Number of protein chains: 2
Amino acid sequence: MLIGELARQTGCEVETIRYYEREGLLSAPQRSASGYRRYTAEQLGELNFILHCRSLGMSLADIRNLAAFKADHQHDCEDINQLIDQQIAKVHQQVEALRLLEQQLLALRDKCHDSRAAADCGILQTLVEASEGAPCVCHTPFGQDNHGHSQDYDHAAKKNGRSNKDRP
Amino acid sequence: MLIGELARQTGCEVETIRYYEREGLLSAPQRSASGYRRYTAEQLGELNFILHCRSLGMSLADIRNLAAFKADHQHDCEDINQLIDQQIAKVHQQVEALRLLEQQLLALRDKCHDSRAAADCGILQTLVEASEGAPCVCHTPFGQDNHGHSQDYDHAAKKNGRSNKDRP
DNA sequence: CTTGACCCTGTAGTGACTACAGGGTGTGCA
DNA sequence: TGCACACCCTGTAGTCACTACAGGGTCAAG
Ligand SMILES: [Zn+2]
Ligand SMILES: [Zn+2]
Ligand SMILES: [Zn+2]
Ligand SMILES: [Zn+2]
């Protein structure tokens with residue numbers, strides 16, 4: 001099986017397959033006389049394993065570890081359980097952080113309902129005033145007074161910052 | 001105010017401030033005779049505006065747009081409202097995707113409770129069997145039969161894939 | 001013999017930073 | 001004056017998991 005066929009069977013792009021090989025996740029296949037990669041059913045399984053783990057949000061480093069555990073049959077599986085637990089914890093934290101973010105955005109959105117001039121937009125006004133030290137609906141939850149410095153935002157952006165290139 | 005002082009007052013790292021300037025988000029400040037950046041209160045506000053928006057999960061591109069709207073007082077604020085709406089939609093989608101992910105991981109986690117040899121770990125077994133085409137608890141929700149091709153995972157990983165370097 | 005589909009390597013780009021390397025500046029103290 | 005030390009500068013390269021070429025080679029059909 002050539003790389004294009006493997007790509008078709010797994011739904012993984014050709015360049016990604018080559019990338020996984022370069023990263024040492026996928027074992028290097030035999031080569032034809034002309035240098036073409038020739039894959040076996042075993043490597044199809046390997047790639048599906050990687051894709052399955054990726055679909056569960058694991059990093060390539062995690063998958064590398066998992067593959068090592070898979071190879072070492074005697075290994076105490078506690079490490080595997082822990083890896084999954086950490087993954088769950090990570091995802092859970094992200095969910096919580098994003099839910100807070102959604103609430104903050106909804107509170108901000110509520111500041112403007114009509115179509116006005118930008119100068120009169122409640123959203124923009126809130127953002128500008130907050131940048132001058134005023135409390136804001138988004139970072140001043142219900143009842144909180146927030147006199148003094150409301151700076152620093154807990155670096156929430158850093159914690160939630162993600163690339164969104166993969167969204168349309 | 002030198003860059004270090006601005007960093008202290010905003011909680012933003014010096015290198016990040018220089019990065020924002022390079023990216024055209026922060027206006028270039030005056031320079032001292034020796035080339036040191038000298039910031040005014042206005043730029044402090046500018047930076048706080050950026051940080052506030054970042055903490056709401058906005059991309060630098062979004063913030064650039066928002067800053068442009070802020071400068072153009074006559075501009076119809078519908079564009080601002082829309083920007084926030086899109087941000088809310090994006091975050092909401094991410095929350096939903098991550099919640100599904102969490103459920104999938106919890107279902108998988110449930111496959112192993114003890115400390116056994118890796119060969120007998122229910123988690124690892126599930127992952128390996130799934131890579132050979134078998135249905136799995138994580139991608140075969142309650143009641144779904146999943147005979148035939150269960151491949152492709154909706155490319156969920158792609159949609160949720162994020163860097164986790166910023167988590168310890 | 002040409003077309004077109006496929007394959008190869010290697011490099012550079014994405015986003016939002018972060019981390020140096022290798023230098024210059026400014027202040028305080030002995 | 002000499003020196004330490006904190007701060008500043010530019011420029012480049014690294015992070016993660018891909019993605020997108022550029023510039024070439026291979027192979028079967030028509
Ligand atoms: Zn508005
Ligand atoms: Zn706010
Ligand atoms: Zn186990
Ligand atoms: Zn699964």
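What you are looking at is a predicted structure, and each value in this text was computed from that prediction instead of being measured. Chain letters run A, B, ... following the sequence lines, proteins first and then strands; every chain starts at 1. These numbers come from the heavy atoms of this one structure, side chains and all, not from hydrogens, waters or symmetry mates.
Of all the heavy atoms in N81(B) and D114(A), the pair that sits closest is ND2-O, 3.3 Å. The two residues R38(B) and P29(B) make their nearest non-hydrogen contact at O-CB, 3.4 Å. Across all non-hydrogen atoms, the minimal contact from S55(B) to H52(B) is OG-O, 2.8 Å.
As a whole-Å value, the separation of Q30(A) CD from dC7(C) C1' is 17 Å. If you take OH of Y19(B) and C1' of dC20(C), they are 18 Å apart, rounded to a whole angstrom. Atom P of nucleotide dG14(D) and atom CD of E23(A) are separated by 14 Å, given to the nearest angstrom. Nucleotide dC16(D) holds its P atom 14 Å from the OH atom of Y20(A), rounded to whole Å. Here dA16(C) presents its C1' atom at 11 Å from CZ of R64(B), a figure rounded to the nearest Å. E5(B) places its CD atom 14 Å from the C1' atom of dA6(D), with the value rounded to the nearest Å. Whole-Å rounding puts the E21(B) CD to dA16(C) C1' distance at 17 Å. In this structure, R31(B) places its CZ atom 17 Å from P of dG24(C), rounding to the nearest Å.
Side-chain atoms of R8(B) never come within 3.5 Å of backbone atoms of G11(B) as a donor-acceptor pair (strictly under, hydrogens ignored).
With S27(B) as the partner, the side chain to side chain donor-acceptor pair (under 3.5 Å) test is satisfied by one option alone out of E21(B), E46(B), E42(B): E46(B).
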Donor-acceptor contacts under 3.5 Å from residues 116-126 of chain B side chains, at least two apart:
residue: R116(B); atom: NH1; partner: D120(B); partner atom: O; Å: 2.9
residue: Q125(B); atom: NE2; partner: A119(B); partner atom: O; Å: 3.0
residue: T126(B); atom: OG1; partner: G122(B); partner atom: O; Å: 2.6

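Among dC7(D), dC17(C), dT19(D), the nucleotide with an atom closest to any side-chain atom of L60(B) is dC17(C). Listed candidates were dA17(D), dT9(C), dC7(C). Nearest to the side chain of R54(A) is dA17(D). In the set dC9(D), dA17(D), dT9(C), the nucleotide with an atom closest to the side chain of R18(A) is dT9(C). In this structure, the nucleotide among dC7(D), dT18(C), dC8(C) sitting nearest to the side chain of I3(A) is dC8(C).
Salt bridge E102(A)/R99(A): absent, no basic N to carboxylate O contact under 4.0 Å.
The base of dC21(D) sits within donor-acceptor range of the side chain of E15(A), with an N or O pair under 3.5 Å.
In this structure, I84(B) and M58(B) have side chains that are in contact, with non-hydrogen atoms separated by less than 4.5 Å.
Of all the residues in residues 32-40 of chain A, S34(A), Y36(A) reach under 4.0 Å from DNA chain D with at least one non-hydrogen atom.
For the 3.5 Å distance criterion, the side chains of Q82(B) and E78(B) fail to qualify, holding no donor opposite an acceptor.
Overall bending of the helix from dC1(C)-dG30(D) to dA30(C)-dT1(D), expressed as the angle between end axes built from five pairs apiece, is 30° (10° steps).
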